[in-house]
Amino acid sequence: MSAPVQGMGQMSAASVMHHPPGMIPSNPQAIQPPPTVETDPIAKFKTLLPKLKETLVNLFKTGGHLFYQNASQDETGAQLDNVTGRFEKCLEEFYALCDQVEMYLKLAQEVIQQDKDSSRNTPNLILPQKGDISQPEGQLYSQYLSTVRAQISCAKDIRDLLHDCLKNFHEHLHP
């Protein structure tokens, strides 16, 4: 496939998800402010669909015209105008939009996976340290930090166990 249309760079899930200061959402309903067309990959995907349909129609029209031209040329032997360049341009536009659609769908899938991971690892919404606590379910940022420290400690313990296991494995292979 071709490269995305000029101006469309690679995006990551981190660049799409915007959170208010002090708030880390753990579910899709907690994302504030609501996603806009600029930040939501699904909304961007939806805006590309009409363009994709239009380029597909143009591609079919140009391909049909080229097919008709070639059939007429085979029958009569007369040389008609060259549509091949227009067909290739339409095909290139279609592939560029397909690439963008694929990118936004993959980005949306990544955002959803990150949200699932977030809700699994930190099931409570993180509340700001100071201010009004309008949501009864949640934990303060200091509590969140202790949860993160515990998760990091657990990950380090697992890593150390794996390194010890690998070290013992090599010792058993080479006595």
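Computed from a prediction, not measured in an experiment: that's the story for all the values here.
Here the side chains of L48 and Y104 are in contact, with some heavy-atom distance below 4.5 Å. A 4.5 Å side-chain heavy-atom check between L49 and K53 finds every atom pair outside the cut-off. Counting only heavy atoms from C-beta outward, the side chains of K44 and Q100 never approach each other to under 4.5 Å. Between F45 and D40, the closest side-chain pair of non-hydrogen atoms is not below 4.5 Å.
The shortest heavy-atom contact between E93 and T55 is OE1-CG2, 4.2 Å. Between F94 and L52, the shortest heavy-atom distance links the atoms CE1-CD1, 3.7 Å. Across all their heavy atoms, C90 and T62 have their closest contact at SG-OG1, 3.5 Å.
Interatomic distance, L107 CG to Q109 CD, rounded to the nearest 0.5 Å: 10.5 Å. Distance CD/E88 to CG/L59: 11.5 Å, rounded to 0.5 Å. Going from atom CG of N58 over to atom CZ of R86 covers 10.0 Å, rounded to the nearest 0.5 Å. Here the CG atom belonging to L97 is positioned 10.5 Å from the CG atom belonging to L56, to the nearest 0.5 angstrom.
E102 and K106 are joined by a salt bridge, as a carboxylate oxygen and a charged side-chain nitrogen come within less than 4.0 angstrom of each other.
Put simply, F60 and L66 are part of the same group of oily side chains (I, L, V, M, F, W, Y) that touch within less than 4.5 Å, one to the next.
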Enumerate donor-acceptor pairs with a distance under 3.5 Å from any side-chain N or O in residues 145-167 to protein atoms, sequence neighbours excluded.
residue : atom : partner : partner atom : Å
S146    : OG   : Q143    : O            : 2.7
T147    : OG1  : Q143    : O            : 3.0
Q151    : NE2  : N121    : O            : 2.9

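The side chain to side chain donor-acceptor pair (under 3.5 Å) search around Q113 returns D117, not counting sequence neighbours.
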